[in-house]
2 protein chains.
Amino acid sequence: MPGFDVGARERLNRERVLRAAVSLADEAGIAAVSMRRLAQDLGVVPMALYKHVADKEELLDGMVDTVIAGIAPPEPGLHWKSAVRQRVLAARRMVLRHPWARQAIESRTSRTPTVLAHLDSLAGAFLAGGFSADLTHHVMHALGNRVWGFSPELFNAPGPAAPRPPAPDEQEATAREFARRFPHILAIATAATGGDLAAVGQGCDEQFEFEFALDLLLDGAERLHRAGWRSAAPAVP
Amino acid sequence: MPGFDVGARERLNRERVLRAAVSLADEAGIAAVSMRRLAQDLGVVPMALYKHVADKEELLDGMVDTVIAGIAPPEPGLHWKSAVRQRVLAARRMVLRHPWARQAIESRTSRTPTVLAHLDSLAGAFLAGGFSADLTHHVMHALGNRVWGFSPELFNAPGPAAPRPPAPDEQEATAREFARRFPHILAIATAATGGDLAAVGQGCDEQFEFEFALDLLLDGAERLHRAGWRSAAPAVP
DNA sequence: CGCGAAGGTGTACGACGTACACCTCGCCGC
DNA sequence: GCGGCGAGGTGTACGTCGTACACCTTCGCG
């Protein structure tokens, strides 16, 4: 009965594919995003996706694009530092909503217009604040991945599940061994918990670390800017 | 004829496996490192590798370990800043020798003893310089991936080959469009080449960017240290 | 009404990681 | 010498992946 299929799914298009992929990644992790699984979620045969997306790489690019496009622009008329800060923290909120985005962004190689637009907006804030293009360039590099709202996890990034919970006695032995081999790590890890040794395992306040680093960099930028920083002149013509 | 196979390959062991994997990655890229291909290089059947390595994850961990273990420690008795700088730049030389290491490190989730030893040594330099554990902790986070000798590539990381060389006329149109949509990017990209528009495509001086960021962070750290920085005290007991 | 293109299908191929059962040494105490 | 035992290497097989290619269906438009 053609024309009668009540629940007939509407046609696919690029946007529906990307949104489904983002949802799938949100719910089941980026590793679960395979062409086959995604097609299944869309009630369609795997090869159908290839009519809307060149290949899996482009799918990932599109997913990253989709979430980056949702980063809120800062209010207009802000001081450059606040503008940058707002935009970066907005990016961070996005990354916290889509934890897979961190890894996806890191693995992307091409720079799509959406990605460029974000970078452009950030660069624009510095330039509007009177920074030289030169200094802006270097400061953006100094920010690094923080422009995407994340910084690398230096210490713990335990996967879905920790390998195994050790027995209490061997845990004690392990801790002693750790303290002997990596005393400085122990010192700074303990510092993060205010001296509470037992709390060391839980990692640190990521948000604080992120803002600490962001401010360190922005303050450094401000100091250079005020000091009239310019890159060493190349050989004069 | 047992006992007669003149060129009999000696037995495998974990180290031989890891070294072969590193060589393979050096020569053919990290994507070429599959259990099957690696086994072939070693003249052995794929499953043989599993007697020396639990699974592919552990292989990658081992490869990262192998190269990190080769990072030169800084000379003793250095000022903290020089010590950190030397060790980080040594890490960078390692990453430049093994370009795949960047991606591999980023994708690793577990922190092996070798990895911890590197971090510990770095933390130790700050602490020996009189930094509080607290400040050291935050500064290490601020350094982020730079402790491994790389910073994220904000702009170009073209894969093995650029997608395709556009015809000159459409290139001109593309450039005009780019300038219209991303004026700030254009400004800072041009700055990096000293105003040479034609040279924009080649990216920037990565080494310079790396050291710029590193120094920005280290100088910021030094300023905080000298100012007697301490994290906001938690509610007093 | 008919046709061309856009969108969806079915089948198939060659990778990949790795579970599991097996074989084959080399070394050990006897 | 000898029996056996454990570490190391093998063979086969399964399920998953991305995607090439030929095909069919549906829709919009002249």
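These values consider heavy atoms only, across backbone and side chains, with no hydrogens, waters or symmetry-generated copies. Convention: sequence-line order gives letters A, B, ...; per-chain numbering from 1.
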Is any NZ, NE, NH1 or NH2 atom of the basic residue among A:R14 and A:E58 found under 4.0 Å from an Asp or Glu carboxylate oxygen of the other? yes
If you find the nucleotide of DNA chain D closest to A:P46 and the one closest to B:H52, which residue's nucleotide is nearer the 5' end? B:H52
Could you give the CG-to-P distance, from B:D55 to C:dA19, as a whole number of Å? 8 Å
Tabulate atom names and distances for all N/O pairs under 3.5 angstrom spanning the protein and nucleotides 21-23 of chain D.
none

Produce the list of close N/O pairs, under 3.5 Å, pairing protein atoms with atoms of nucleotides 13-17 of chain D; give distances to one decimal.
residue : atom : partner : partner atom : Å
D:dC17  : OP1  : A:S34   : OG           : 3.3

Calculate the interatomic distance between A:L49 atom CG and C:dG10 atom C1'; express it in whole Å. 15 Å
In chain order, what residues pass the side chain to side chain contact (heavy atoms under 4.5 Å, CB included) check against A:P73, with sequence neighbours excluded? A:R87
Tell me, please, which residues at least two apart from B:H184 pass ring pair (Phe, Tyr, Trp, His ring centres under 6.0 Å). none
Compare all side-chain heavy atoms of B:R176 with those of B:R180 and state whether any distance is below 4.5 angstrom. no
Atom pair distance, as rounded to whole Å: CZ in B:R14 and P in D:dA7: 17 Å
Test of ring centre spacing under 6.0 Å for A:F208 and B:H138: yes
Got a sec, which residues hit side chain to side chain donor-acceptor pair (under 3.5 Å) with A:E106, two or more places apart in sequence or on another chain? none
Measuring from A:H118:NE2 to A:R111:CZ, what's the distance to the nearest 0.5 Å? 11.0 Å
Please tabulate, for side-chain N and O atoms in residues 30-54 of chain A, each donor-acceptor pair with protein atoms closer than 3.5 Å (sequence neighbours left out).
residue : atom : partner : partner atom : Å
A:S34   : OG   : A:R37   : N            : 3.1

